[in-house]
Amino acid sequence: FYLIPAPEDILNLFPIPQPPFTLPSHIDVPSRFHFTPNPATLLLNSEISLKALNSSIVLDLMRGAIFKGMDAEDKISSILEQLNQQQNLCPIYPTTSPLDLQKLDSLDLPHYDLPNIILLPSIAGVFTKCIGKTLFVNPGRLGKEYGGEFAILTIHDVDGVSAELK
């Protein structure tokens, strides 16, 4: 399990990019729990790269864009294309999430090193979209308004090797 902080967390009051959660040393955490920063970069099976930003940037971009004659599916695809073209997980400012402007390079998505999967939780609706060679995933929310997000990704390659990310 990978636990990524969010700007709304009361236990991690840092702007994005956020450091991983820290717990007092007397709290024993099972080894299957991994605390990552926000955004997080993970490498699965030494081949599959995943980037996760725990912020509703998709909704921010949709609110700031003007779409004419597009349905919701096309709007989301257009927003994700913009993320790829802008080479940044947060191509607009201001956003609804607090940002540390001194560390914006941690949100970069250089074309020579695009991740295979980008996880972008949002209330904009559950989706998986392949844009170029990158799979964008919005797992949706656990509850109607609160509760955070939860995703289980199981990845199978052509050789039958699989990786599971919770």
Side-chain angles (χ1 to χ4, degrees), residues 1-10 12 14-18 36-44 47-157 163-166:
F1 291 94
Y2 292 88
L3 300 171
I4 303 171
E8 301 84 16
D9 290 333
I10 197 161
N12 197 337
F14 296 94
I16 295 173
Q18 295 176 290
T36 66
N38 181 27
T41 303
L42 307 172
L43 190 60
L44 309 172
E47 292 181 20
I48 299 168
S49 60
L50 180 139
K51 188 105 173 172
L53 175 65
N54 201 356
S55 173
S56 190
I57 191 62
V58 173
L59 189 61
D60 287 347
L61 289 169
M62 287 182 77
R63 286 179 179 154
I66 298 173
F67 299 100
K68 188 172 183 180
M70 294 175 90
D71 63 10
E73 288 276 320
D74 291 338
K75 289 178 186 177
I76 289 174
S77 294
S78 178
I79 293 295
L80 300 177
E81 291 268 357
Q82 287 179 34
L83 290 174
N84 264 352
Q85 290 170 4
Q86 297 280 338
Q87 300 179 38
N88 195 287
L89 285 173
C90 189
I92 63 168
Y93 187 81
T95 70
T96 56
S97 297
L99 293 174
D100 184 342
L101 298 178
Q102 305 298 318
K103 299 177 183 176
L104 280 182
D105 59 335
S106 69
L107 300 172
D108 285 349
L109 294 171
H111 280 306
Y112 61 85
D113 195 24
L114 278 175
N116 302 106
I117 303 168
I118 298 179
L119 189 63
L120 295 170
S122 174
I123 61 169
V126 175
F127 63 78
T128 56
K129 299 261 182 214
C130 193
I131 306 292
K133 294 183 178 183
T134 302
L135 178 67
F136 288 85
V137 178
N138 174 10
R141 299 198 61 91
L142 277 175
K144 195 167 188 170
E145 291 184 37
Y146 304 102
E149 294 81 17
F150 182 81
I152 297 176
L153 301 176
T154 303
I155 303 160
H156 299 278
D157 70 10
E164 184 165 271
L165 176 75
K166 293 183 181 183

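Side-chain atoms are counted along with the backbone in the values below, which use heavy atoms only and exclude waters and symmetry mates.
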Using a 3.5 Å cut-off and no angle test, enumerate the donor-acceptor pairs between side-chain atoms of residues 120-129 and protein atoms at least two apart in sequence or in another chain.
unit_1	atom_1	unit_2	atom_2	d
Ser122	OG	Ser56	OG	3.1
Ser122	OG	Ala124	N	2.9
Lys129	NZ	Glu73	OE1	2.3

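Atom CD1 in Ile118 sits 9.5 Å away from atom CG in Leu53 (nearest 0.5 Å). For the atom pair CD1 of Ile76 and CG of Asp74, the computed distance is 10.0 Å after rounding to the nearest 0.5 Å. Taken from CG in Leu83 to SG in Cys90, the straight-line distance is 9.0 Å, to the nearest 0.5 Å. Interatomic distance, Leu44 CG to Ile117 CD1, rounded to the nearest 0.5 Å: 6.5 Å. Put simply, CG on Leu50 and CG on Leu153 are 6.5 Å apart, with the number rounded to the nearest 0.5 Å.
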Starting from the C-alpha separation in whole Å, work towards a yes-or-no answer on side chain to side chain contact (heavy atoms under 4.5 Å, CB included) for Ile57 and Ile79.
CA-CA 10 Å; Ile57 191 62; Ile79 293 295; over 6 Å; no
When you look at Ile152 and Phe1, which way does the side chain to side chain contact (heavy atoms under 4.5 Å, CB included) test go after all the steps?
CA-CA 9 Å; Ile152 297 176; Phe1 291 94; over 6 Å; no
Step by step, work out the side chain to side chain contact (heavy atoms under 4.5 Å, CB included) result for Leu114 and Asn84.
CA-CA 8 Å; Leu114 278 175; Asn84 264 352; 3.7 Å; yes
List the steps and the verdict of side chain to side chain contact (heavy atoms under 4.5 Å, CB included) for Leu109 and Asn88.
CA-CA 5 Å; Leu109 294 171; Asn88 195 287; 5.9 Å; no
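Applying the salt bridge (Lys or Arg N to Asp or Glu O under 4.0 Å) definition to pairs two or more places apart or across chains, none involves residues 107-124.
Taking both residues in full, the closest heavy atoms of Ile131 and Ser77 are given as CD1-O, 4.0 Å, listed atom of the first, atom of the second, then distance. In plain terms, the two heavy atoms of Ile16 and Pro7 that are nearest each other are CD1-CG, 3.6 Å.
Under the side chain to side chain contact (heavy atoms under 4.5 Å, CB included) criterion, Pro5 pairs with Asp9, Asn12, Gln18, Phe21, Asn38, sequence neighbours left out. For Asn116, the side chain to side chain donor-acceptor pair (under 3.5 Å) criterion is met by Ser49, not counting sequence neighbours. In this view, Thr41 and Lys51 satisfy the side chain to side chain donor-acceptor pair (under 3.5 Å) rule, not counting sequence neighbours. Listed by chain and residue number, Glu81 satisfy the side chain to side chain contact (heavy atoms under 4.5 Å, CB included) test with Gln85 (two or more places apart in sequence, or in another chain).
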